[in-house]
Each structure stands twice: as structure tokens, then as C-alpha cells.
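Notes follow the structure.
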Amino acid sequence: MSDAKPETIPETPAPKELSPAAMRALAEAEARREAYRADEAKRPREIGGRGGKEPGRYGDWEIKGLTSDF
């Protein structure tokens with residue numbers, strides 16, 4: 001005798017309706033990201049740079065185990 005219940009898939013809630021202000025904010029953010037990407041694409045590529053995240057913004061420089069703090 002088996003008391004196994006059939007598997008039920010939980011329903012996913014419907015996505016929330018965004019207010020016009022929220023939709024405007026999302027559109028403005030996307031426009032800023034697109035402008036940033038376009039500006040970044042115009043700049044020359046760095047040759048021989050350290051790679052990774054910006055050290056001035058995210059902390060120390062670390063290359064081959066040596067760290068220098070600015």
C-alpha cells in the first residue's frame with residue numbers, strides 16, 4: 001500500500017505591475033549604462049595593465065603576491 005501523494009508544481013506568482021515612475025527609472029538607468037558602454041568603447045585599450053577591478057575603487061593593488069596601497 002502506498003501513501004505517496006502526487007507531486008504538485010508550485011504556482012509562480014504573476015510579475016508585479018511596475019509604476020510609471022519605476023519604468024521611467026529603469027529606462028533612465030539603461031540609458032546611462034548604454035552611454036557608459038559607448039564612452040568606454042571610444043577609449044583606447046590599456047596595454048600591459050594589471051587587469052581586474054579598479055584598485056583605487058576596490059582596494060589594494062596586488063600583483064604576483066606584492067601589494068601596494070594607494
Side-chain angles (χ1 to χ4, degrees):
M1 203 158 141
S2 174
D3 289 333
K5 294 181 180 178
E7 252 185 67
T8 58
I9 300 172
E11 290 185 31
T12 57
K16 284 187 175 181
E17 188 76 27
L18 294 177
S19 68
M23 291 172 57
R24 213 172 29 251
L26 289 172
E28 289 172 7
E30 182 59 33
R32 282 193 302 273
R33 279 192 293 270
E34 203 54 43
Y36 176 79
R37 288 183 197 122
D39 182 48
E40 191 175 40
K42 288 185 222 172
R43 295 181 184 173
R45 302 271 306 160
E46 184 175 323
I47 299 173
R50 83 177 264 291
K53 294 183 178 177
E54 167 80 35
R57 183 173 177 194
Y58 292 100
D60 297 338
W61 279 85
E62 185 177 334
I63 300 174
K64 297 181 183 174
L66 302 173
T67 303
S68 61
D69 193 7
F70 291 94

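For this chain, numbers begin at 1 and follow the sequence in order.
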| field | Ion pair check, R24 and E30, cut-off under 4.0 Å | value | no

| said: Restricting to side chain to side chain donor-acceptor pair (under 3.5 Å), what partner residues turn up for R45, sequence neighbours left out? | reply: none

| field | Derivation and outcome, salt bridge (Lys or Arg N to Asp or Glu O under 4.0 Å), residues E40 and R43 | value | CA-CA 5 Å; E40 191 175 40; R43 295 181 184 173; over 6 Å; no

